Amino acid sequence: MDLKEKFGKKVKELRIAQGLSQEAFAHKVGIDRTYMPSIEKGKRNISITIVQKIAKALGMKISELFSVIESDILPNKTNLK
């Protein structure tokens, strides 16, 4: 699974945890409803502007969103050797 897929999977998990449909979340983010599924599937290489909008819609800072994603990617930082 590449980074775009991991990002999309985490966004989907966080969206579902908030009880939002893809359509409702896309509206909250301010993007077209047809764009959200491709983000969640990791099919889009999204801009930092979209990342910021997603983080804001989730009630997070960009750094918090990336931290949550990073903790899934690198759960044990000692593996970096």
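What you are looking at is a predicted structure, and each value in this text was computed from that prediction instead of being measured. Along the sequence shown, residues are numbered consecutively beginning with 1.
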Practice item. Measure from the side-chain N and O atoms of E5 to the backbone N and O of D2, and report whether any donor-acceptor pair falls under 3.5 Å. Key: yes
Exercise for review: Enter the distance from D32:CG to S38:OG here, rounded to the nearest 0.5 Å.
Suggested key: 9.5 Å
**Study point:** Distance in Å, K61 NZ paired with S67 OG, rounded so as to fall on 0.5 Å steps
**Key:** 11.5 Å
Review point. Quick one: does I39's side chain get under 4.5 Å of F25's, heavy atoms only?
Key: no
Check your understanding: Is the number of heavy atoms from other residues, nucleotides or ligands within 6.0 Å of NZ (K4) greater than 12?
Key -> yes
Exercise for review: Please check if atom CD in E64 has more than 12 non-hydrogen atoms from other residues, nucleotides or ligands closer than 6.0 Å.
Suggested key: yes
**Study point:** Taking every non-hydrogen atom, the tightest pair across L58 and Q18
**Key:** O-NE2, 3.0 Å
Review point. Side-chain contact, heavy-atom cut-off 4.5 Å: V29 with Y35?
Key: no
Point to revise | Approximate separation, where rounding is to 0.5 Å, of Q22 CD and I16 CD1 | key: 8.0 Å
Point to revise | Distance (rounded to the nearest 0.5 Å) between S21 OG and H27 NE2 | key: 10.5 Å
Practice item. Output the distance between atom CG (L20) and atom NZ (K28), rounded to the nearest 0.5 Å. Key: 5.5 Å
Point to revise | Straight-line distance of Q52 CD to I54 CD1, nearest 0.5 Å | key: 10.0 Å
Point to revise | 4.5 Å side-chain heavy-atom contact, I50 and R44 | key: no
Study note, to complete from the structure: Paired with E40, the salt bridge (Lys or Arg N to Asp or Glu O under 4.0 Å) test is passed by just one of K6, K10, R33, R15, namely R15
